[in-house]
Protein chains: 2
Amino acid sequence: MSLDRRSGCPINLSLEVFGDRWSLIILRDMIFGGRRHFRELLNGSMEGIASNILADRLKRLMELGMLTKADDPSHKQKAIYSLTEMAITLVPILAHLGAWGRVWLPTSEELSIRAELLEKGGPPLWEKFMDELRHEHLGTPLDTASGPSVRATLQAAYQAVVASKALSASPAA
Amino acid sequence: MSLDRRSGCPINLSLEVFGDRWSLIILRDMIFGGRRHFRELLNGSMEGIASNILADRLKRLMELGMLTKADDPSHKQKAIYSLTEMAITLVPILAHLGAWGRVWLPTSEELSIRAELLEKGGPPLWEKFMDELRHEHLGTPLDTASGPSVRATLQAAYQAVVASKALSASPAA
DNA sequence: GCAACCGATTGCAAAATGCAATCAGATTAG
DNA sequence: CTAATCTGATTGCATTTTGCAATCGGTTGC
C-alpha cells in the first residue's frame, strides 16, 4: 500500500498521504492529544472512528513512514505507536490548518482556543512543541529547560474555556 | 451539501472541506495554474480528474463559499470560476504542504521547484501572491507596482528545469 | 450546414466507508 | 482458579463514494 503517484507534484503527493477523512485526525490526536495506543485513539477521538478504519490507517501510516509501532514493555499485548520525524514536521501544517479553519468555518469556541494559541505562538512555539514531540516519540534530549509543555498549555486553555462556559450556562447559587 | 460537522474542531472541519482527493487539486490548478474554466481544469490537471467529479467538486466548493461562478461575457455558455477570499487564504497552507511534500515524498524535480521557491519566498511572497490573486479574482486594486507576477516567476522556474532536463537527456548536436 | 467545443449529466462497476459483531490472547478482580 | 475485562485487531455486510466512458443539448467558428 504505497502511493498511487498520480503525479510528482508535491501537493498532490501530500494529498495522497493524508487526503482522506481520517489520517490527519489520527495524527492530530497523537500530536495534540498525546494518544499512543489503539484504544485511546479509538475512544478518544471526538469524531468516532471505526475500529477497522483505525487499524487500516495505522497500518497505512506505518507503511508510509509516518508512524512506528513497538511493544509496550508494561503490557504484553499492548502496542505503542510513535510519531516519526516525518509526522512531527506536520505541526506547522496543522497549525495553519487550524488557524484557517478557525477563521472560515463554524468551529466551536472551546476547540478553537488551542488553534488560536498555536497561531499566536507562531514558528517559535511550533519548534518548541516539535522538540517536545521528538523527546516523547524519538527519545531525543530536550535542549531547552522550558516550563510547562506546549501540550499542557494548550490543554489548560481548553479546560479554562470549558469551565467558563459551564459557569455561564448554570449561574452559581 | 454542507459540512457533516462531525465535530467543531478546526482541523476536523478543515478536513471536511478539502479532505478528499480532488478539492485541493482543483484549487491548486486555479491558484497556481491560473485556470478559470471547466475545460481548463478538466484537461489541465496532470492527475486527470473525471468530468463528473470535477462538476461535483466545483458545485461543492461554491456551496462552501470557496468559489463563485459567473458568465463569461465573451462566450454565451462559458462559465468563469473565481476564488473567494476564503480560498485565497489557503496559499500559506498550500505553500507549507508543498514544502513538506518536497522534503518527504518522491516529488519530481521540475514540479517541486515551484514549491521550493514559494517556501524560500516565505510569508512576504505569499502575501504578494495573494494580493495578485485578489486582483485577478476579486477585482481589487494592486497596491504594489511589483514587477513580474509571482505566478509567472514560478512558471518560469518550472520551464527552466524542464528545459535543462531536456538538454541533458538529448545532448545537443 | 456542420464539426468542434461548452459545461455538465448518466449509467455502471469497483473501491472505500460506516457499523456492529466477534476474535484470541493477556490481564485483573474476587 | 475463575470469570470478567481489556488488548489490538478482523470479519461480514449495507451504504456511499469514486473512476471511467459515453452522452447530452446548446454555442461557436468556419
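Order of the sequence lines sets the chain letters (A, B, ...), proteins ahead of strands, with each chain counted from 1.
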Mind listing the residues from residues 10-43 of chain B sitting with a heavy atom below 4.0 Å of DNA chain D? Number order is fine.
W22(B)

To the nearest Å, how far apart are H75(A) NE2 and dT27(C) P?
7 Å

Could you state the atom-to-atom distance from NZ of K59(A) to C1' of dA9(D) in whole Å?
12 Å

Please list, one pair per line, the donor and acceptor atoms closer than 3.5 Å that link side chains of residues 159-167 of chain A to other protein atoms, with sequence neighbours excluded.
| unit_1 | atom_1 | unit_2 | atom_2 | d |
| --- | --- | --- | --- | --- |
| S164(A) | OG | V161(A) | O | 3.2 |
| K165(A) | NZ | E109(A) | OE1 | 3.3 |

Do Q77(B) and dG7(C) have a side chain to base donor-acceptor pair shorter than 3.5 Å?
no

Which of the following nucleotides, dG8(D), dA8(C), dC20(D), is nearest to the side chain of Y81(B)?
dA8(C)

Of all the nucleotides listed (dG18(C), dT10(D), dT28(D)), which has the minimum atom distance to the side chain of I53(A)?
dG18(C)

Nearest whole Å is fine: how far is dT10(D) C1' from L58(A) CG?
14 Å

I want to check a possible cation-pi pair here: R28(A) against W22(A), using under 6.0 Å from ring centre and within 45° of the ring axis as the test.
no

Report the distance from atom OG1 of T84(B) to atom CG of L138(B), rounding to the nearest 0.5 Å.
7.5 Å

d(L125(A) CG, L154(A) CG) to nearest 0.5 Å is 7.0 Å

Spacing of CD1 belonging to I31(A) relative to NE2 belonging to H137(A), to within rounding of 0.5 Å
8.0 Å

Check this one for me: any side-chain N or O of K69(A) less than 4.0 Å away from OP1 or OP2 of dA9(D)?
yes

Look at K76(B) together with D71(B) and state whether they make a salt bridge at an N to O cut-off of under 4.0 Å.
no

Spacing between D56(A) atom CG and dT10(D) atom P, to the nearest angstrom:
10 Å

R36(B) to Y81(B), cation-pi by 6.0 Å centre distance and 45° axis angle:
no

To the nearest Å, how far apart are D4(A) CG and dT18(D) P?
14 Å

Using modelled atom types only, decide if a donor and an acceptor are shared between the side chain of T89(B) and the backbone of M86(B) within a distance under 3.5 Å.
yes

For atom CZ of R60(A) and atom C1' of dA15(C), their distance in whole Å
14 Å

Calculate the interatomic distance between L54(B) atom CG and dT10(C) atom P; express it in whole Å.
16 Å

Closest-nucleotide mapping onto DNA chain C: is A79(B) or K76(A) further toward the 5' terminus? I mean the 5' end.
A79(B)

When we call it a touch if two heavy atoms are under 4.0 Å apart, what does R57(B) touch: a base, just sugar-phosphate, or nothing?
sugar-phosphate

K78(A) atom NZ is separated from dA26(C) atom C1', nearest whole Å, by 11 Å

Terminal helix-axis angle for the helix from dG1(C)-dC30(D) to dG30(C)-dC1(D), with five pairs defining each axis and rounding to 10 degrees:
20°

Using a strict threshold of under 4.0 Å (side-chain N to carboxylate O), is an ion pair present between R151(A) and E132(A)?
no

